[in-house]
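Only one structure is covered here, and it is reproduced in the block below.
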Amino acid sequence: MTTTRRLRAGATALLLCAGTALAACGSGGDADADPTPTLRTPPTPDVPSSTPTGSGKYADAFSATREDSVYPEIGDPLVDALHYDLGLEWDPSRDVLTGTQVLTFRATADSPTIPLDFNEQLAISELTVDGTPAGHAVEGTRLTVEHPVEADGQYELALTYSGTPRTAPAPSERQDFAQGVGWSITPEHETWTLQEPYGAFTWYAVNDQPADKAFYDFTLTSPAPLQGVANGELRKSTKDGGRTTNAWHLAEPASSYLVTVAFGDYQRTDLESASGVPIQIWTDADEEPLPGGLGTTPDAVDWLEDLLGPYPFDTLGIVVVDGSSGMETQTMITLGNNDYSLSPAVVVHEVAHHWYGNTVSPADWSDVWMNEGMAMYLQGMWEAEQEGVHIGQKMDDWAMFEARLREDAGPPGAFDPTKFGNSNIYYGPALMWHELREDVGDEVFFDLVREWPASQENGNADRTEYLAWIEDTLDEELSDFFDAWLLGEQQPPRD
Ligand SMILES: [Zn+2]
């Protein structure tokens, strides 16, 4: 996800932090850090022993599920989702979503029931497990299915549901989260989704936690001129009786927060990176086809591939929606229709997440800094290049306000759970990467930056694995350095 929009166009260091964080922005930080920094206690995720070895056609979606340490009420480690087949029909005349879903999952333990995330706005008319009707109940955001499962057994849960989805409150104070997370309906009866750190449960039955990756197929039906856009590749588009049905296939597993579906009156523009990555841009049919910086998307891919190696997926897309945020939804980036979200810098940021966030995703929300720190650092490098300033100057500018972000929302690796997505998870870790780069030199640093996502293709990791990998690769003990940047209540000293 991008940070919230700029305070004013052209300002290089002034980035707006939403809501009450506004006062923290742009003011001077405490450059003289405490020599004995106070560290916040790190989160203690319930870590699984190891990633299971998958077999069969969904092998790459086998996940080491866990209870999230920040948002334990969402998701359940019992379920390892392997494939979601989502048939979604949108009726804009009534704002009604009708879903026909088949979830293939692996149980990670014996249990008399199956727990999933769902909601009370959508009425379930039919639910079966392996073809047999099963009792079920929805309470709050929890769907409980009365069907016993055995450890390592695979099951097909099919359900049909219908209703008007409603967004859920976001655990965040960002202004671009004000409408809540999940399925949003516009005044024109078009729809879009934003679901970080969760919110997929507002429109399908899901294990809505980042540690559980799964494959997806979407069959999206709506009356013309609306059509459905989702992650992956558009395999088929048919028109029948004034209705359009688009079939999308996501060939690599994704965490639920990286899933996007939008129904709108769209036009499609096809672009391609220098390396041949096909890029589809989906924008409002009544507006220009490539608003803002969207025409620079191939350049963003080229620039990032130079630094990070080959783009890790087969396709890339951008869908512009009636929101105000930017989100790195896997292979189909979701951008709000405003100047900052559509800027070339945000395009670079969201494409960068395909290496940092998407091919390797955090296993726990306490490690969202693993996504945002590197995406922000790469965005900063790109901005410095565009502005003709040295990256060190850019980092000095950011350091001016980073200390205040940390004070407001906590250290990046132990943030206040009610302030998800505040700027603290972006700027401190970006400064940390720059310090490491200064320490080890460009060649070693960019080898690290390239090798980590390549070594974790379609995986999940937490900080324990990531930081141990860095220390092993560098053959250097860095725990004090990482602790100071990730858990320190104050900004650590900079070189
Ligand atoms: Zn981001």
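Order of listing sets the numbers, starting from 1, for every ligand and every atom in it.
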Mind checking whether the Zn ion (ligand 1) has an N, O or S of E328 under 2.8 Å?
no
Mind checking whether the Zn ion (ligand 1) has an N, O or S of M1 under 2.8 Å?
yes
Using a cut-off of 6.0 Å, state whether more than 12 heavy atoms not belonging to D442 lie near its atom CG.
yes
Can you tell me if D68 uses its side chain to pair, donor with acceptor, with the backbone of Y71 under 3.5 Å?
yes
Could you check E387, Q386, M381 and say which one makes a side-chain contact (heavy atoms from CB on, under 4.5 Å) with E383?
E387
Beyond-backbone contact of H434 with W398, side-chain heavy atoms, under 4.5 angstrom
no
I need the OE1(E372)-the Zn ion (ligand 1)-NE2(H349) angle, rounded to 10 degrees.
110°
